[in-house]
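So that the names make sense, note that chain A is the first sequence line, chain B the second, and so on, each numbered from 1.
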There are 2 protein chains.
Amino acid sequence: MTTTTIPEVVVLRLPLYVRVLAALEGRGQGVVSSQELGTLLHATPAQIRKDLSYFGRFGKQGRGYQVSNLLKELRHIMGIDREWSVVLVGVGQLGSAILTYGGFAPQGFNILAAFDADPSKHGAAIGNVLVQDIAQIKSEAQRLGVHIGIVAVPVSHCQRVVDLLVDCGIRAILNYAPYQPTTPPGVWVRDIDPVVALQSMTYHLKTAEDQW
Amino acid sequence: MTTTTIPEVVVLRLPLYVRVLAALEGRGQGVVSSQELGTLLHATPAQIRKDLSYFGRFGKQGRGYQVSNLLKELRHIMGIDREWSVVLVGVGQLGSAILTYGGFAPQGFNILAAFDADPSKHGAAIGNVLVQDIAQIKSEAQRLGVHIGIVAVPVSHCQRVVDLLVDCGIRAILNYAPYQPTTPPGVWVRDIDPVVALQSMTYHLKTAEDQW
DNA sequence: GCTTGTGAAGACCTTCACAGCA
DNA sequence: TGCTGTGAAGGTCTTCACAAGC
């Protein structure tokens, strides 16, 4: 295996691999084949093997992959064998729900601070986190050594907030606003929009209905 | 244009087209070129034109696309020029947040009922919706003519709940559990997992760091 | 002149199929 | 024998480039 650029689709699948491997490990399974992984991931065995081959040779012919070992390797490759510091911007209904959601910390994503423009929210504590003035974000982000930003503001503020996060040196942004912000090269954005997800399914529902 | 199977990637982009077109319409813009749409969508003009060409010829040479007309057409194609009936399963912290989230109804997705297995939650009203016993779901789903299910239950219950929804005749599922359920052909699932989204970015953060 | 719609070319991703090894 | 790792083949999606039309 020579180092090549990894296709982005592969990077998007890696977390799913980790997710099922962790489940297998939790269940006490020691070894898994590309065939079985394929079934669990709704993918072909060839795709599993090809994807993994971008990063190394983790399997043994005739046996398969050792679950705990492959899991450890993938966690390292993805950089999730460490903790990441996160800030949230926008402490409305959605932002508050994110702060109280317990799913981030166990995976190593620690939301250390939250920011909002509304002064009436400053000083409040929501799920262990203090809400601060957005004006403080740059100094706080640098003090805390923040890597990742979560954006939960209205569409109209999204681009401005993203620009601000980028200015703070943040290079990875999880965006809950229904808007695709523009960012400079080297900044990564993932959008979460349940409405968009629903709308891409209604196309199929409608098409199935139209079928005679 | 002859009727071809539409690539799934195109279907996934359609909602984004609608989103920016709606913004342009709200701003009072009458006409838009593939060039400008491309900028707003972070896509090439050629891709915009090719995508749209799967569905018809909506533009005028030398001018571009009439915003309100294209918007209307796309909404019809996607089946979002109508209302859809939705049920939610799992009224925990996440499920409650979904019920009180105001973003679905304005887009025509009406959450009509919610279900949970925990009897202590039955009868509660959260955001206009009554929480009912999961045992009632089939009769209620049929009575209400439900099209779409939202799953907000723990991983351990996800597959069982999805099976149940499919049994209710539901063919589109928005899944918030960190697990990819298995479904029969003709059933559409979209997964929302912010942790997976974050993890696919840490790969890049780590890789950028490793660069010397 | 400007911009669409679209075959053809090119890039990218997936699947095949088999050599190689446990 | 069973399963991986991987070049090569195949398929899909994106981009090019230009004829056609406003």
Side-chain angles (χ1 to χ4, degrees), chain A residues 1-17 20-21 24 29-71 73-74 77 180 200 203-204, chain B residues 1-17 20-21 24 29-71 73-74 77 180 200 203-204:
Chain A
M1 165 257 187
T2 326
T3 305
T4 325
T5 300
I6 314 297
E8 186 64 13
V9 269
V10 174
V11 174
L12 293 171
R13 281 193 291 264
L14 289 182
L16 305 178
Y17 288 21
V20 316
L21 286 168
L24 290 175
Q29 183 167 336
V31 170
V32 67
S33 66
S34 61
Q35 172 74 57
E36 186 179 1
L37 277 178
T39 304
L40 294 169
L41 287 156
H42 309 303
T44 64
Q47 179 163 85
I48 308 281
R49 296 200 300 275
K50 177 65 96 176
D51 281 2
L52 296 178
S53 78
Y54 283 108
F55 302 100
R57 300 145 61 101
F58 306 113
K60 290 236 194 315
Q61 285 105 324
R63 298 203 147 272
Y65 303 87
Q66 207 207 317
V67 172
S68 59
N69 176 60
L70 182 55
L71 182 54
E73 293 277 9
L74 288 184
I77 288 162
Q180 290 180 276
S200 70
Y203 170 80
H204 294 293
Chain B
M1 166 256 187
T2 327
T3 305
T4 326
T5 300
I6 313 296
E8 186 63 13
V9 269
V10 174
V11 174
L12 293 171
R13 281 194 291 264
L14 288 182
L16 305 178
Y17 289 21
V20 315
L21 286 167
L24 290 175
Q29 183 166 336
V31 169
V32 68
S33 66
S34 61
Q35 172 73 59
E36 186 179 1
L37 276 178
T39 304
L40 294 169
L41 288 156
H42 309 302
T44 64
Q47 180 164 85
I48 308 282
R49 295 201 300 277
K50 178 64 98 178
D51 281 3
L52 296 178
S53 78
Y54 283 107
F55 302 100
R57 299 145 61 101
F58 306 113
K60 291 235 195 314
Q61 285 106 326
R63 298 203 147 272
Y65 304 87
Q66 206 207 318
V67 172
S68 60
N69 175 249
L70 183 55
L71 182 54
E73 293 278 9
L74 289 184
I77 289 162
Q180 289 181 279
S200 70
Y203 170 80
H204 294 293

Looking only at heavy atoms, the pair that brings A:Gln29 and A:Val31 closest together is NE2-O, 2.9 Å

Would you say A:Arg57 reaches D:dC3's phosphate, i.e. side-chain N/O to OP1/OP2 under 4.0 Å? no

Point-to-point distance, once rounded to the nearest 0.5 Å, from CD of A:Gln47 to NE2 of A:His42: 13.0 Å

Taking the side chain from A:Gln66 and the backbone from A:Ser68, do they hold a donor-acceptor pair closer than 3.5 Å? no

Quickly work out the B:Phe58 CZ to C:dT4 C1' distance and round it to whole Å. 13 Å

Quick check: closest heavy atoms across A:Leu41 and A:Leu16, and the distance to 0.1 Å? CD2-O, 3.6 Å

How far does CG of B:Leu24 sit from CD of B:Glu36, to the nearest 0.5 angstrom? 6.0 Å

Short heteroatom pairs, N/O only, protein and nucleotides 19-21 of chain C, under 3.5 Å:
residue: C:dC21; atom: O4'; partner: A:Gln61; partner atom: NE2; Å: 3.3

It should be established whether B:Tyr65 places a side-chain nitrogen or oxygen under 4.0 Å from OP1 or OP2 of nucleotide C:dG5. yes

Quickly work out the B:Ile6 CD1 to D:dC13 P distance and round it to whole Å. 11 Å

Whole Å only: how far is the CG atom of B:Leu12 from the P atom of D:dC13? 11 Å

Heavy-atom pair of closest approach, residues A:Ala43 and A:Ile48: CB-CD1, 4.3 Å

From B:Leu74 atom CG to B:Tyr65 atom OH, the distance as rounded to the nearest 0.5 Å: 10.0 Å

Using five pairs at each end of the helix from C:dG1-D:dC22 to C:dA22-D:dT1 to define an axis, what is the angle between those two axes, to 10°? 10°

With the threshold set at under 4.0 Å for non-hydrogen atoms, list the residues of residues 34-52 of chain A touching DNA chain D in residue-number order. A:Ser34, A:Arg49, A:Lys50

Between B:Ser34 and B:Arg49, the two heavy atoms sitting closest are OG-NH1, 3.1 Å

Passing option when B:Ile6 is tested against B:Asp51, B:Leu14, B:Val11 for side chain to side chain contact (heavy atoms under 4.5 Å, CB included): B:Val11

Looking at A:Ser200 and B:Pro15, what are the two nearest heavy atoms and their distance? N-CG, 3.9 Å

Could you report the tightest heavy-atom contact between B:Val67 and B:Leu21, atom names first, then the distance? CG1-O, 3.6 Å

Measure CZ/B:Phe55 against P/C:dG5 and give the value in whole Å, please. 13 Å

Figure out the NZ/C1' separation between B:Lys60 and D:dG21, and round it to whole Å. 11 Å

